[in-house]
Amino acid sequence: MKYRKIALAVSLLGFASAAFADNHTISRNMASACASCHGTNGHSVGGMDPLAGMPKDEMIRKVKDFRSGAKPATVMQQLSKGYTDQQIEMIANYYAAQK
Amino acid sequence: MTLNRRDFIKAAGATVAFGSLYGCAGGTKGSGNVVVIGGGYGGATVAKYLRMWSDGGINVTLVDPTPNFVSCPISNLVLAGEKTMADITTSYDGLRKHGVTVVIDSAKAVDPAKRTVTLAKGGTLSYDRLVVSPGIDFMWDSVPGLTEAVSESKILHAWKAGPQTVALRKQLEDMKDGGVYALCIPKGPYRCPPGPYERASMIANYFKAKKPKSKVLILDANADVVSKGPLFKKAWTDLYSGMLEYRGNHSITKLDAASQTVEFEFGDKVKADVLNIVPAQKAGMIATAAGLSNVGGRWCGVDWKTLESTAHKNIHVLGDSTAATAGMPKSGHMTTQHAKVAAAAIVNLMSGQPAPDPMVIANTCYSFVSAKEVIHVAHPYVFNGKEFAVPKGAGGVSPSRNELEAKYALAWAKNIWADALL
Ligand SMILES: Cc1cc2nc3c(=O)[nH]c(=O)nc-3n(C[C@H](O)[C@H](O)[C@H](O)COP(=O)(O)OP(=O)(O)OC[C@H]3O[C@@H](n4cnc5c(N)ncnc54)[C@H](O)[C@@H]3O)c2cc1C
């Protein structure tokens, strides 16, 4: 019985960290597509908005406004239409955490 | 039910196995050896991202015969005298700082069974996984009368940036005012759909300023302008009226290199002072030599989830060499996105985990129609379980040519070079 509890705890821990690593990896991959224009990990080398460290809510608002057409843009209105709310949130999370 | 000691060990063991399968606390790192053939858009990006995402766990060796990266994007501005070769050249030192071993040599053969790459100067490299991103090579027999030797010396393509860019610029500078520059475009698919129309526009821009009696003639094997047609045509009418002429449905039937004359399907003939023939294209030669060109003997089939070849296991093909689905252009931007999908897959696979579902990827191609104005085409691509497709209603082009996007086009180049190479 004691063993069983320990086993359960160990396995829950395993699931939790697996889920964390998985989510982080998916967000990282998703965000890397933006880096071709906005710089590796959002560190623009000039002429494009840097995304590194942008507050999460600000990025979510901006991208959703591009997508709805509320915010004018050149390419971002056209590209943002490829993303779901959840994907935008993942990308915003990733970039908010970049220093 | 009570667990005995053995059951506990089994349960805990299963958890450990699960943990390593899906990346425990530290996440995925990966280990082993990756060899990358080609240090262009695809090869450079995948090399850097493999080092970064594996936290230096994966050894990466990149092979390319050219000592520096030279970009095709922006090379049309070099032809027009607006930029220099130095502006489009980047050293591989940034990749070296990421711990990539850069070998200046070309790959001569691949043995998929032994997992080795033979180099031209001698020596072999062993790999656990190989990435092949050699760009395109030309189908010389697509233009009767054209040979590789003629194309290297006289009737240039300048469809790979480097010595050909410098040589074509020189031909344009040497041409007398009042001369004709003719650009022959092959049937698609070819590298960079809007690229030829950008080139014609920029050379017209140069003539307008420096050789106003000269003419640009576009002889296109395609029925009509393949990319951003209305925007290019409007720019040609507004900016280069009387100087630039477009003729569609012009497939070359014969070239006479000595007199610089081309003949076409419908019997017409054109003689040009500077004749720039871009021949039809296929996957880079090494991809074919490695047995990877399994689509029409011309392009490389890949599993879009991992960019792994459908011909050989443990080999991934990126960029222009792939048999891309319709609507996925052969562009530098698209190629870097291939590289990231592949890097994510390879890091997972080399740490014993399944490849992730690919992220949404994107393409943006800016074209200069004059030194000051640019037009773009941009699309997102979503993986549908089999391939990438543009979601309905997404993507598009510039409403009209504009100066703001000329700034973005140059910023795009700087940022994509840095993302691939620094
Ligand atoms: C004029 C022009 C303008 C363009 N403009 C744009 C643009 O504005 N935006 C855009 O996104 N795209 C543009 N492109 C397209 C872009 O250049 C290509 O799509 C991109 O380079 C493809 O990347 P790649 O990695 O497949 O090939 P490349 O970038 O060509 O890299 C291939 C590399 O492989 C090396 N190689 C080949 N064979 C071997 C071998 N056997 N061993 C070792 N190394 C080898 C080559 O030396 C080369 O460095 C343009 C192209 C042209 C020609």
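Labels below follow one simple rule: chain letters A, B, ... track the order of the sequence lines, proteins then strands, and each chain is numbered from 1.
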Part of [X] within contact of chain A (heavy atom distance under 4.5 Å):
X	value
B:Asn363	backbone
B:Tyr41	neither
B:Val360	both
B:Tyr49	side chain
B:Lys407	neither
B:His376	side chain

Could you tell me if the side chain of [Y] sits less than 4.5 Å from the side chain of [X], heavy atoms only?
X	Y	answer
B:Thr364	A:Gln78	no
A:Val45	B:Trp417	no
B:Pro356	A:Thr25	no

Distance from [X] atom [atom1] to [Y] atom [atom2], nearest 0.5 Å?
X	Y	atom1	atom2	answer
B:Ile361	A:Asn29	CD1	CG	12.5 Å
A:Arg28	B:Met359	CZ	CE	8.5 Å
A:Met48	B:Leu410	CE	CG	9.5 Å
A:Thr40	B:Lys48	OG1	NZ	3.0 Å
A:Cys34	B:Asn415	SG	CG	12.5 Å

(request) Name, in order of residue number, those residues of residues 389-396 of chain B that have a heavy atom at a distance of less than 4.5 Å from a heavy atom in chain A; otherwise write 'none'. (result)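 When heavy atoms of chain A are the reference, residues 389-396 of chain B contributes B:Pro391, B:Gly393, B:Ala394, B:Gly395, B:Gly396 within the under-4.5 Å range.
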
Looking at [options], which one has more heavy-atom pairs under 4.5 Å with chain B than the rest?
options	value
A:Ala33, A:Gly47, A:Ala31	A:Ala33
A:Gly39, A:Ser32, A:Ser80	A:Ser32
A:Ser36, A:Gly82, A:Cys37	A:Ser36

(message) At a heavy-atom distance under 4.5 Å, which candidate from B:Ala343, B:Pro380, B:Pro399, B:Ala411 has the highest pair count against chain A?
(response) B:Pro380

(message) Report, in residue-number order, which members of residues 53-72 of chain A are under 4.5 Å from chain B by heavy-atom distance.
(response)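 Within residues 53-72 of chain A, no residue comes under 4.5 Å from chain B.
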
(request) Examine whether an atom of A:Gln77 lies under 4.5 Å from a heavy atom of chain B, and if so say whether it belongs to the side chain, the backbone or both; otherwise answer neither. (result) neither

